[in-house]
Undergrad: 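Pasting in a structure now, in structure tokens, and then I'll have a few things to ask.
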Amino acid sequence: MTTPIIETQSLTKTFRVKKKTVEAVRSLDLRVEPGELVAFLGPNGAGKSTTLRMLTTLLPPTSGTARVAGYDVGRHQAEVRRHIGYVGQGNGAGHLQRGRDELLNQGRAYGMTAADTRARADVLIDGLDLGGVVDRTVSTLSGGQRRRLDITLGMIHAPELLFLDEPSTGLDPQNRAHLQEQIVGLHRAGTTIVLTTHYLDEADAMAQRVVVVDHGAIIADDTSEHLKGGLGVRVTLGFATAADAEAARGQVDAAGSTEAPVVTVQDGAPALVVRHRDGTTWAADAVRRLEAAGLVVTGLEVVRPTLDDVFLSLTGRSLREAGATDAGATTEEVAA
Ligand SMILES: Nc1ncnc2c1ncn2[C@@H]1O[C@H](COP(=O)(O)OP(=O)(O)OP(=O)(O)O)[C@@H](O)[C@H]1O
Ligand SMILES: [Mg+2]
């Protein structure tokens, strides 16, 4: 077994706000191996940023321990910081400097030579399509341009472990795609990456492993494929009458289904809904069987589960809806 690059034990963060206690992170046990790309998912206020801020030494844990790149985050902050890059959820870039100068300063602050910093900056500027704007004062950049500059700042020193807190929020689709390419490229080159995102498709496309957090605790930790596979593909068979749908329920082969078949109404028409591990093949077979038994299937829909379906089944609510509940809730830290 390799030595994990991140290992937490009962990591906990509690805030006191106006005499009320907020359990932002509750007894988190997390292990990340070198080279992994892990996505943290969860609704607003789930504790994602707080976790990242503890792992990057910006916030002291209330209790529990965390080791990052082999060092304790409480006792060896400088060592931890030397091994990591961090792009926070807010904009970090100073406003009165030119973007390029910020980048060069950042590289030098990490002990890179001026030549190395310039070369690396050029690659990132190109990769994140900042060529036209990096020589302007940061305060004149748009939100998305500034966000991309922040991301290059976090990546300039090519850290072995990179934390990205909602890197793609606020980017247009094209720049999100550019950013994904950069992230996947860094990962391929061996960088360990922990990122948070509200874009489930993005997590699905990039991450090998998905950690779902809710109310400060991990409620799922697995590959996206496994998480979705456990739910099964949803197959909806349409019928002319409810009696046909009922009859079909008695005829179909329920072996391998992940939920008992149910008769319902979809789009105003009677339907039989089945969740099955191997839904596509099952659906084709079911249609053949039913037709052979004299039951006419009038509609067919096969839907693969998304990560949002996974979240819905784990928590009883959609990540999208949940994400909207307390958006923008920012509170001052009263006591750590
Ligand atoms: N400095 C702070 N002082 C008091 N409470 C805080 C502080 N930072 C975070 N919290 C609270 O801790 C909880 C977790 O917040 P956190 O920022 O970690 O959530 P998140 O999962 O990153 O959410 P989002 O998706 O909105 O970024 C929330 O209830 C939040 O209000
Ligand atoms: Mg956050």
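Keep in mind that the numbers below use all heavy atoms, side chains included, and drop hydrogens, waters and symmetry copies. Since we're looking at a predicted model, the values are computed, not measured. Counting starts at 1 for both ligands and their atoms, following the listed order.
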Undergrad: May I ask whether K13 has any heavy atom positioned less than 4.0 angstrom from an atom of ligand 1?
TA: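 It does not, in that no heavy atom of K13 comes within the 4.0 Å cut-off of ligand 1.
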
Undergrad: Does any non-hydrogen side-chain atom of I193 lie less than 4.5 Å from one of V38?
TA: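 Side-chain contact under 4.5 Å: no.
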
Undergrad: Give the numbers and elements of all ligand 1 atoms closer than 4.0 Å to a heavy atom of H198.
TA: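 Those of ligand 1 that fall under 4.0 Å from H198 are 25 (O).
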
Undergrad: Please work out which of V17, T14, D214 has its closest non-hydrogen atom nearest to atom 4 (C) of ligand 1.
TA: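 It is V17 that holds the nearest heavy atom.
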
Undergrad: List the atom of A203, the atom of L307, and the distance in Å for their closest heavy-atom pair.
TA: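 In this case the closest contact between A203 and L307 is CB-CD1, 4.1 Å.
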
Undergrad: Can you tell which part of N44 has a heavy atom less than 4.0 Å from ligand 1: side chain, backbone, both or neither?
TA: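 Under 4.0 Å from ligand 1, N44 contributes backbone and side-chain atoms.
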
Undergrad: Considering the heavy atoms of S49, write down every atom of ligand 1 situated less than 4.0 Å from one of them.
TA: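 Every atom of ligand 1 under 4.0 Å from some heavy atom of S49: 17 (O), 18 (O), 20 (P), 22 (O), 27 (O).
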
Undergrad: Of all the atoms in ligand 1, which lie at a distance below 4.0 Å from a heavy atom belonging to Q89?
TA: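 So the answer, numbered in order with elements, is 27 (O).
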
Undergrad: Please identify which of these residues, T2, T192, T3, meets the side-chain hydrogen bond (donor to acceptor under 3.5 Å, both in side chains) condition with E33.
TA: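 The option that passes is T2.
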
Undergrad: Quick check on E166 - does any of its heavy atoms sit under 4.0 Å from an atom of ligand 1?
TA: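 Yes, E166 has heavy atoms under 4.0 Å from ligand 1.
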
Undergrad: Which ligand 1 atoms, with their elements, are less than 4.0 angstrom from a heavy-atom of V22?
TA: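 Those qualifying, in numeric order: 11 (C), 12 (O), 29 (O).
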
Undergrad: Give the atom numbers and elements of ligand 1 that come within less than 4.0 Å of a heavy atom of A46.
TA: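 The atoms of ligand 1 under 4.0 Å from a heavy atom of A46 are 19 (O), 20 (P), 21 (O).
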
Undergrad: Side-chain contact test, heavy atoms from C-beta onward, threshold under 4.5 Å: evaluate it for M155 versus R120 and give yes or no.
TA: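 Yes, close enough: below the 4.5 Å cut-off.
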
Undergrad: Kindly compute the distance separating CG (L314) from CG (D309), expressed to the nearest 0.5 Å.
TA: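 Output value for this atom pair is 11.0 Å.
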
Undergrad: OG (S49) to the Mg ion (ligand 2) to OE1 (Q89): angle, nearest 10 degrees?
TA: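 The two atoms subtend 80° at the Mg ion (ligand 2).
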
Undergrad: May I ask you to test the T169-Q89 pair for a side-chain heavy-atom distance under 4.5 Å?
TA: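 Side chain of T169 against side chain of Q89, heavy atoms only: no contact under 4.5 Å found.
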
Undergrad: Say whether P43 and ligand 1 are in contact under the criterion: heavy-atom distance to a ligand atom below 4.0 Å.
TA: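 Yes; P43 lies near enough to ligand 1 that a heavy-atom distance drops under 4.0 Å.
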
Undergrad: When hydrophobic residues are tied together by side-chain contacts of less than 4.5 Å, even through go-betweens, does L153 share a cluster with Y110?
TA: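 In one cluster with L153: Y110, no.
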
Undergrad: If you define the side chain from C-beta out and look only at heavy atoms, does anything of D214 sit under 4.5 Å from P43?
TA: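 Yes. Closest side-chain heavy atoms under 4.5 Å.
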
Undergrad: Tell me whether A24 has any N or O atom under 3.5 angstrom from an N or O of ligand 1.
TA: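 Checking ligand 1 against A24, no N or O pair falls under 3.5 Å apart.
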
